Every structure is written in structure tokens, then in C-alpha cells.
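One structure is given here, and the rest of the page talks about it.
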Amino acid sequence: MDGDWFHTAVYHVVRQIPPQRVTSYGHVAKLIGKPAYSRHVGQALKFLSPDAHPPVPWHRVVSSTGAISSRGPGTDGATRQRDALVAEGVDVVTTRSGELKIDLREYGWFPAPGTVDIGVERDEEEGSGGERDEQGAD
DNA sequence: CATATGACCTTGG
DNA sequence: GCCAAGGCCATAT
């Protein structure tokens with residue numbers, strides 16, 4: 001099943017997200033070579049449990065705008081994510097719309113595809129190596 | 001088989 | 001900055 005490696009790739013990438021940094025579903029999808037699978041990245045994260053070993057910092061994944069999806073009122077998912085991010089030292093702000101948002105300008109982690117290990121064999125193998133930090137975009 | 005939905009993204013007004 | 005529309009792929013009904 002291809003879906004299997006998809007989950008593996010998502011977990012592997014999410015685990016590589018450094019502390020005090022956040023990325024977006026779409027970027028994770030891009031990193032694994034499936035830019036159109038942004039929605040499925042969320043599905044994969046929903047699939048795993050808080051007791052997963054090794055643990056996956058799913059809370060470091062937000063939407064491209066840096067906002068945390070509501071996932072419906074009354075759900076503690078968003079609140080839990082905010083709490084986890086704040087515990088990491090990330091500054092989460094609340095917009096007038098009542099949405100939790102993060103300053104991607106500071107905490108955004110968006111490395112170029114191919115510069116991170118997705119933990120699976122891709123059709124095209126890169127020369128491996130070539131790690132460079134992303135742009136500061138200051 | 002057709003429709004609706006989802007931890008979404010991008011573009012345009 | 002926010003709201004609306006179109007696109008994307010898989011799963012559920």
C-alpha cells in the first residue's frame with residue numbers, strides 16, 4: 001500500500017521539526033513529494049495516538065496561515081495544541097476571530113524538499129546530504 | 001456509482 | 001487584514 005509509506009513519511013518529517021518551530025500541512029506534503037496531499041497529512045496525524053512511540057510532535061504542524069484549525073467548538077484539540085506550543089516556548093496569539101495563530105515569520109520551519117530525510121525511498125534518489133537552513137525571511 | 005466531508009492550499013476581490 | 005470560490009485526493013455514506 002502506498003498509503004503506508006505516506007504515514008511513515010509524515011511521521012518521520014514531523015519528528016524532524018525542531019523545537020520552537022512550526023510548519024504547515026502543505027509543506028509537509030511537499031517535503032514527501034506529494035504537494036496535493038495536504039489534507040491527508042492531517043488525516044495521518046489524526047490517526048496517531050498520544051502514546052505513540054516514538055512520540056510525534058503533531059502540535060508543531062499548523063495551517064499555512066499559521067492558524068490552528070478549530071476542528072469544531074468544544075473540542076480540546078486546538079486548545080491542547082496551543083498549550084503544547086506555548087509549553088515549547090512558542091508565542092501563540094489569538095485573533096479577533098477567536099482563532100489561535102502563530103507568527104510563522106519567527107517560528108515557521110520551511111526547509112526545501114529533498115533537504116530533509118523522509119525515511120522512505122523516493123523514486124528519484126537525491127545525492128543525499130546538502131543540508132542547509134532555510135531562509136530567515138526577515 | 002454519486003455526493004459530502006475533511007487537523008487543507010492558492011488565488012482573487 | 002478578511003471572505004469567497006476553485007482545486008486537490010481519499011474516505012464515508
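Quick note on labels: first sequence line is chain A, next is B, and so on, each numbered from 1. Computed over heavy atoms, backbone and side chain alike; hydrogens, waters and symmetry mates excluded. All values derive from a computational prediction rather than experimental measurement.
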request  = Look at A:Y37 and C:dA10 and indicate whether a side-chain polar atom (N or O) is within less than 4.0 Å of OP1 or OP2.
outcome  = yes

request  = Could you measure between the two P atoms, the one in C:dG6 and the one in B:dA7, and give it in whole Å?
outcome  = 23 Å

query = Does the pair A:E88/A:R21 count as a salt bridge with the N-to-O cut at 4.0 Å?
reply = no

note = Between A:V90 and A:Q20 the two heavy atoms that sit nearest each other are CG2-CA, 3.7 Å

key: Separation of B:dA7 P from A:D83 CG (nearest whole Å)   = 21 Å

query = Going hydrophobic residue to hydrophobic residue with side-chain gaps under 4.5 angstrom, can you get from A:V86 over to A:I102?
reply = yes

query = Which whole-number value in Å describes the distance from A:F6 CZ to C:dA10 P?
reply = 9 Å

query = Rounded to whole angstrom units, what separation is found between the NZ atom of A:K30 and the P atom of C:dC8?
reply = 15 Å

inquiry  = In whole Å, I'd like the distance from the CZ atom of A:R96 to the C1' atom of C:dC3.
reply    = 13 Å

task = Round to the nearest Å and state the distance from A:R39 atom CZ to B:dG6 atom C1'.
result = 5 Å

ask   = Could you state the OH-C1' distance from A:Y25 to C:dG7, rounded to the nearest angstrom?
value = 19 Å

message = For a quick test of reading the model: is some side-chain N or O of A:S64 closer than 4.0 Å to OP1 or OP2 of B:dC9?
response = yes

task = Report the relative orientation of the aromatic rings in A:H40 and A:Y37; use parallel for angles under 30°, tilted for 30 to 60°, perpendicular for over 60°.
result = tilted

task = Please determine, for the side chain of A:K101, which listed nucleotide (C:dA10, C:dC8, C:dC2) has the closest atom?
result = C:dC2

task = Please figure out whether A:S38 or A:T95 has its closest DNA chain C nucleotide nearer the 5' end.
result = A:T95

query = Rounded to the nearest Å, what distance is computed from the NE2 atom of residue A:H40 to the C1' atom of nucleotide C:dA12?
reply = 13 Å

request  = Using whole Å, report how far NZ of A:K34 lies from P of C:dG7.
outcome  = 22 Å

